[in-house]
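Working notes, beginning with the structure itself.
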Amino acid sequence: MVQFDIITLFPSMFESPLSEGIIRKAQKKGLLDIRVHDLREYTEDRHRTADGTPYGGGAGMVMKVEPIVRAIEAIRLPTGNTRTVFLTPQGVLLTQEKAKKLSTYSQVLILCGRYEGVDERVLSFIDEELSIGDFVLTGGEIAAMAVLDVVARLVPGVVGDAASVSEDTFSNSLLKYPQYTRPDNFRGLCVPEVLISGDHKKISEWRSLESLKRTSKRRPDLIERADLTDKEKKQLENIKGTERLE
Ligand code: ADE
């Protein structure tokens, strides 16, 4: 069971993503407890001010330190083992491995940034700054949903079939093999024979070869980091040989 607390200026953005599919079921089953907090509730002035102009000048607004720290301190469980995460394009890239680590905390507290960023002093109250990719979103909310979704499905019991988590792309550092379902012929596009053969050993070999081929072509960076078996290394040599001929 993991408790997620999300601090945002736009709490209603989370309504529908949390009320569908696996995430909804996991909350019902008591495997996830997701709470969305409106940052403005932690302001203390009449106008509920959450941002200010930057010292030194420049474009845009900066999120104020006091409401954020007030929120973090009010929401953080005194006893729990909490990880406080700030979503920003300046963060380190989210990976499956980082998500796996996050799924082991009892509370994950996520701060969503908006405007030009947050007052730098907020970072003294944050454990980890994460980015979901090298692009800039209008705010941290969509990134927070991605983090929540990735971490949630790693919490034991959330995904019904544990095998589907362990067979994931990235759980062995390679991209997933191609998948098919009925019909076996769609407008002349046929399902590979081997998958219909019923020969489980052959199917498994075909899948691991296709994973290698796909990863080698699309994500050579993953191949560099992958822990390949001797057999896979040989197969990779063959793949590279045929790629050069193509
Ligand atoms: N906020 C804006 N862009 C972002 C990104 N790429 N990752 C995380 N938070 C963000």
Side-chain angles (χ1 to χ4, degrees), residues 1-39 41 68 71-72 74-114 125-177 179 219 222:
M1 153 77 166
V2 179
Q3 178 176 325
F4 288 91
D5 288 272
I6 297 160
I7 302 172
T8 170
L9 283 166
F10 299 97
S12 58
M13 279 182 77
F14 290 85
E15 280 164 20
S16 116
L18 298 183
S19 55
E20 303 285 350
I22 287 179
I23 302 294
R24 183 178 71 98
K25 280 197 202 126
Q27 291 176 90
K28 272 195 169 166
K29 280 199 243 167
L31 297 168
L32 304 175
D33 182 357
I34 307 170
R35 303 163 186 218
V36 182
H37 308 268
D38 185 349
L39 180 59
E41 297 293 318
I68 292 176
I72 290 175
I75 295 163
R76 194 163 39 201
L77 299 172
T79 49
N81 111 49
T82 301
R83 190 74 171 168
T84 307
V85 177
F86 173 49
L87 290 164
T88 161
Q90 275 75 50
V92 295
L93 274 184
L94 175 69
T95 58
Q96 195 70 20
E97 202 180 320
K98 290 207 171 73
K100 184 90 208 157
K101 182 89 211 309
L102 280 177
S103 73
T104 66
Y105 289 90
S106 48
Q107 185 186 31
V108 179
L109 204 166
I110 303 178
L111 171 65
C112 304
R114 277 272 154 177
F125 299 82
I126 297 287
D127 299 314
E128 195 168 355
E129 288 175 78
L130 285 181
S131 163
I132 62 159
D134 292 335
F135 40 77
V136 182
L137 299 163
T138 55
E141 283 75 12
I142 289 173
M145 289 173 210
V147 171
L148 184 128
D149 198 271
V150 175
V151 175
R153 64 189 291 288
L154 294 169
V155 174
V158 168
V159 173
D161 183 0
S164 81
V165 175
S166 67
E167 280 172 18
D168 272 347
T169 295
F170 301 122
S171 66
N172 65 350
S173 331
L174 295 178
L175 302 183
K176 195 159 179 156
Y177 46 80
Q179 295 271 45
R219 296 291 306 275
L222 291 179

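From a predicted model like this one, the values you see are computed outputs, not experimental measurements. Numbering starts at 1 and runs along the sequence shown.
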Worked check of side chain to side chain contact (heavy atoms under 4.5 Å, CB included) between Arg35 and Ile75: CA-CA 10 Å; Arg35 303 163 186 218; Ile75 295 163; over 6 Å; no
Side chain to side chain contact (heavy atoms under 4.5 Å, CB included) between Lys28 and Arg24: does it pass, once the steps are laid out? CA-CA 6 Å; Lys28 272 195 169 166; Arg24 183 178 71 98; 3.3 Å; yes
Does the pair Leu87 and Leu137 meet the rule for a side chain to side chain contact (heavy atoms under 4.5 Å, CB included), with working shown? CA-CA 10 Å; Leu87 290 164; Leu137 299 163; over 6 Å; no
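In this structure, OG on Ser103 lies 10.5 Å from CG on Leu32, to the nearest 0.5 angstrom. How far CG of Leu109 is from CZ of Arg83: 12.0 Å, rounded to the nearest 0.5 Å. Atom CG of Leu39 and atom CG of Leu111 lie 7.5 Å apart (nearest 0.5 Å). Taken from CD1 in Ile110 to CD1 in Ile7, the straight-line distance is 10.0 Å, to the nearest 0.5 Å. Separation of atoms CZ (Phe4) and CG (Leu18) is listed at 10.0 Å; rounding is to 0.5 Å.
Looking only at distances, no side-chain donor or acceptor of Gln90 sits under 3.5 Å from a matching main-chain atom of Glu129. The backbone N or O of Thr84 sits less than 3.5 Å from a side-chain atom of Asp127, completing a donor-acceptor pair. Under a 3.5 Å cut-off, the side chain of Gln107 and the backbone N or O of Leu77 do form a donor-acceptor pair.
In terms of heavy atoms, Val2 sits closest to Val108 at CG1-CG2, 4.0 Å. Closest approach of Glu141 to Leu9, counting heavy atoms only: OE2-N, 3.9 Å. The shortest non-hydrogen separation linking Leu94 to Lys98 is CD1-CB, 4.4 Å. The two residues Gln3 and Asp5 have their closest heavy-atom pair at NE2-OD2, 2.8 Å. Here the closest non-hydrogen pair linking Cys112 and Ile6 is SG-CG2, 3.8 Å.
For Ile142, the CD1 atom counts as loosely surrounded, since its 6.0 Å shell holds 12 or fewer non-hydrogen atoms of other residues, nucleotides or ligands. In Asn81, the CG atom is crowded: over 12 heavy atoms of neighbouring residues, nucleotides or ligands sit closer than 6.0 Å. Surrounding NZ of Lys25 are at most 12 heavy atoms belonging to other residues, nucleotides or ligands under 6.0 Å away. Counting non-hydrogen atoms of neighbouring residues, nucleotides and ligands closer than 6.0 angstrom, the CD atom of Glu97 reaches no more than 12 such neighbours.
Counting only heavy atoms from C-beta outward, the side chains of Thr138 and Arg114 approach each other to under 4.5 Å. Taking 4.5 Å as the limit, every side-chain heavy atom of Ile126 sits out of range of all side-chain heavy atoms of Val85.
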Would you list the atom pairs, donor with acceptor, under 3.5 Å between side chains in residues 143-161 and any protein atom, with sequence neighbours excluded?
from	atom 1	to	atom 2	distance (Å)
Arg153	NH1	Asp168	OD2	2.7
Arg153	NH2	Asp168	OD1	3.3
Arg153	NH2	Asp168	OD2	3.3
Asp161	OD1	Ala163	N	3.1

